[in-house]
Amino acid sequence: RWLREPRNAVWIALGGLVAIGGGRRLRQWWQAREAVERLSAESVAPETIRAAAAHGRAALFELFRILGTAETEAQRTAAGQALAAIWRRDDLITEEEKALVRRGFAVTWRARRRYPRALQAPIPVGVDYGVPFLQRDTDGVSPENLEWSHRIVGARRADLETFSPWLPGPGHAEFTLYPGDFETNGPHRLVLEAKVRTVGLTGTWELELPHVQFSFEFDPRLAVEALLAAPDSARGEQFARSILLEPEEALAYVNLNDTFALRSPPSLTVTTPLPFDLAHTVEAEIEGVPGRIAASVLVLSGQGTNEAARTRRFPLALEAPLRAGTLERPGAHRLRLVLTADPHRGWADPDVRSLWPERITTDWVDVEVMRR
């Protein structure tokens, strides 16, 4: 009879709901506690770290700790991705979001630390920056949710000292240094100043990040020719076998001057790896025509390794016209390429370590010269 009372039935139902909900919350709390305890182990797997994002703020302290102090890059990346997932679910406050970006901010400079004082070639410099653990197509904050703006100080270039337009990340900057602009040997200092702001997220904020420096110097004792390797006949033969001029079947035209053009110009093929790097100027010779025609520059770094062989094709590109009057009429001709080492250009590429010093000449190939 007591159970048949409507009021008592309601109380029983409410009590059951409270008990079920409390048990569920207790189970979730226990699972979160176990997940956080697993994060405290030094050898915790990256998959375990990423899985902790399911427990939200309960794992926040340990994830920030791993992001800052973990021994392996894989663990730090996993912690950053887990925090990005928590951020995506809007479980971070603004200061925590900024702290995540500040701790994950990374800058990579692409340039040498030391150059010969006698270097004459322009020096290209590249800078990549951003938060590398943010990835597309994940349940976390995407790189497109952050926009970046930067400026470069110390390059003696006025256009670089103005902040760039805002662009979604990751950030990138490319610029050129001219050795003659630096009258002293140095060290000279370049400084990246970057700003970031959020886009498409619940919270909107802007943050100025720590300035990151890069130092370089010019060494008067370092000779430009120090980059050249010692030649030998065996390696010379390997270069001759690996660098070829081959005909092209695709219909294309390359202008020789205002009067003549090459039909279906051949391509330079290079089979890597090579014993040494290449930083060579390329010139074209037409049989029976005096002089050479300046073509593109070939730079191949990272040689001298045991990587698998592969062949790269470089279409013929002429940078200067053939002198008028040196070629009388169109028709069948023969052409070859001459590659000459340029250590100045080799120094400009930070990945060139040892440059093949000798001139490389390809075999003659048949070409067709046409009037334009």
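Any value given below was found using the heavy atoms of this structure, including those in side chains, with hydrogens, waters and symmetry copies removed. None of the values given here were measured: they were computed from a predicted structure.
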Carefully, step by step, assess Trp356 and Ile360 under the rule side-chain contact (heavy atoms from CB on, under 4.5 Å).
-> CA-CA 9 Å; Trp356 179 248; Ile360 304 168; 3.8 Å; yes
May I ask you to check whether over 12 heavy atoms, not counting those of [X], lie within 6.0 Å of atom [atom1]?
X      : atom1 : result
Arg114 : CZ    : no
Glu249 : CD    : no
Arg313 : CZ    : yes
Arg76  : CZ    : yes
Asp181 : CG    : yes

Do [X] and [Y] sit in one hydrophobic cluster, given that two such residues count as connected whenever their side-chain heavy atoms are within less than 4.5 Å of each other, even indirectly?
X      : Y      : result
Leu339 : Trp347 : no
Val338 : Leu268 : no
Val153 : Val127 : no
Leu228 : Leu278 : no
Leu190 : Val212 : yes

Those residues that, when tested against Arg241, pass side chain to side chain donor-acceptor pair (under 3.5 Å) (two or more places apart) |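 Per chain and number, Arg241 pairs via side chain to side chain donor-acceptor pair (under 3.5 Å) with no residue.
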With Arg113, which residues qualify under side chain to side chain donor-acceptor pair (under 3.5 Å), at least two apart?
->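 Scan of Arg113 (side chain to side chain donor-acceptor pair (under 3.5 Å), adjacent residues dropped) gives none.
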Drop me the distance from [X]'s [atom1] to [Y]'s [atom2], to the nearest 0.5 angstrom.
X      : Y      : atom1 : atom2 : result
Leu337 : Thr281 : CG    : OG1   : 11.0 Å
Gln238 : Asp232 : CD    : CG    : 9.5 Å
Leu274 : Ser242 : CG    : OG    : 5.0 Å
Gln75  : Leu63  : CD    : CG    : 12.0 Å
Asp90  : Leu201 : CG    : CG    : 8.5 Å

Looking at every non-hydrogen atom in both residues, tell me the closest pair between [X] and [Y] and how far apart they are.
X      : Y      : result
Pro46  : Ala78  : O-CB, 3.5 Å
Thr184 : Arg117 : O-NH1, 3.1 Å
Leu245 : Arg336 : CD2-CA, 3.9 Å
Leu177 : Ala155 : CD2-CB, 3.6 Å
Ala250 : Ser264 : O-OG, 3.0 Å
Ala84  : Leu100 : N-CD2, 4.1 Å

Taking the six-membered ring for Trp and the full ring for Phe, Tyr or His, determine whether the centres of His150 and Phe163 are under 6.0 Å apart.
->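 No, the ring centres sit 6.0 Å or more apart.
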Would you call the rings of [X] and [Y] parallel, tilted or perpendicular, where under 30° means parallel and over 60° means perpendicular?
X      : Y      : answer
Phe216 : Phe214 : parallel
Trp109 : Phe175 : perpendicular
Phe105 : Trp148 : parallel

Given side-chain contact (heavy atoms from CB on, under 4.5 Å), test Phe64 with Leu83 step by step and report yes or no.
-> CA-CA 8 Å; Phe64 269 109; Leu83 288 166; 3.9 Å; yes
Donor-acceptor contact below 3.5 Å, side chain [X] vs main chain [Y]:
X      : Y      : value
Arg88  : Ser142 : no
Arg353 : Leu227 : no
Asn257 : Leu322 : yes

Would Ser267 and Glu246 satisfy side chain to side chain donor-acceptor pair (under 3.5 Å), going step by step from the backbone distance to the final call?
-> CA-CA 6 Å; Ser267 294; Glu246 297 184 352; over 6 Å; no
Please walk me through it: do Leu67 and Phe133 pass side-chain contact (heavy atoms from CB on, under 4.5 Å)?
-> CA-CA 11 Å; Leu67 180 63; Phe133 54 71; 3.9 Å; yes
Intermediate values then yes/no, salt bridge (Lys or Arg N to Asp or Glu O under 4.0 Å), Asp351 and Arg110 | CA-CA 9 Å; Asp351 296 325; Arg110 190 175 185 276; 2.7 Å; yes
Are [X] and [Y] close enough that some pair of their side-chain heavy atoms sits under 4.5 Å apart?
X      : Y      : result
Leu335 : Pro266 : yes
Arg112 : Val352 : yes
Phe314 : Leu300 : yes
Pro179 : Ile123 : yes
Leu262 : Glu368 : no
Leu256 : Ile286 : yes
Val196 : Glu147 : no
His188 : Glu217 : no

Transitive ILVMFWY cluster of Leu251, excluding itself - 4.5 Å side-chain cut-off =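 The other cluster members (ILVMFWY side chains, heavy atoms under 4.5 Å, direct or chained) are Tyr253, Met370.
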NZ/NE/NH1/NH2 to OD/OE distance under 4.0 Å, Arg235 and Glu358 |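 Salt bridge flag = no for Glu358 with Arg235.
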Short N-O contact, Arg151 and Glu161, less than 4.0 angstrom =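 Glu161 and Arg151: not salt-bridged.
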Result block: side-chain N/O donor-acceptor pairs under 3.5 angstrom for residues 204-211, not counting sequence neighbours:
{"residue": "Trp205", "atom": "NE1", "partner": "Glu97", "partner atom": "OE1", "Å": "2.8"}
{"residue": "Glu208", "atom": "OE2", "partner": "His211", "partner atom": "NE2", "Å": "3.3"}

Is there a side-chain contact (heavy atoms from CB on, under 4.5 Å) between Leu146 and Leu134 once you walk through the steps?
-> CA-CA 10 Å; Leu146 297 179; Leu134 297 184; 3.5 Å; yes
Just list the side-chain donor-acceptor pairs under 3.5 Å for residues 287-299, sequence neighbours left out, or say none.
{"residue": "Glu287", "atom": "OE1", "partner": "Arg334", "partner atom": "NE", "Å": "2.8"}
{"residue": "Glu287", "atom": "OE1", "partner": "Arg334", "partner atom": "NH2", "Å": "3.4"}
{"residue": "Glu287", "atom": "OE2", "partner": "Arg334", "partner atom": "NH2", "Å": "3.0"}
{"residue": "Arg292", "atom": "NE", "partner": "Glu285", "partner atom": "OE2", "Å": "2.6"}
{"residue": "Arg292", "atom": "NH1", "partner": "Glu283", "partner atom": "OE1", "Å": "3.4"}
{"residue": "Arg292", "atom": "NH2", "partner": "Glu285", "partner atom": "OE2", "Å": "3.2"}

Test applied, side-chain contact (heavy atoms from CB on, under 4.5 Å); reference residue, Leu355; option that passes from Gln303, Glu225, His280 |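 For Leu355, the side-chain contact (heavy atoms from CB on, under 4.5 Å) check succeeds only for His280.
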Show me the side-chain donor-acceptor pairs of residues 324-333 shorter than 3.5 Å, one per line, residues at least two apart or across chains.
{"residue": "Thr326", "atom": "OG1", "partner": "Arg323", "partner atom": "O", "Å": "2.7"}

Please determine, by modelled atom types, if Thr269 and Thr311 share a side-chain donor-acceptor pair under 3.5 angstrom.
->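 No, Thr311 and Thr269 have no side-chain donor paired with an acceptor closer than 3.5 Å.
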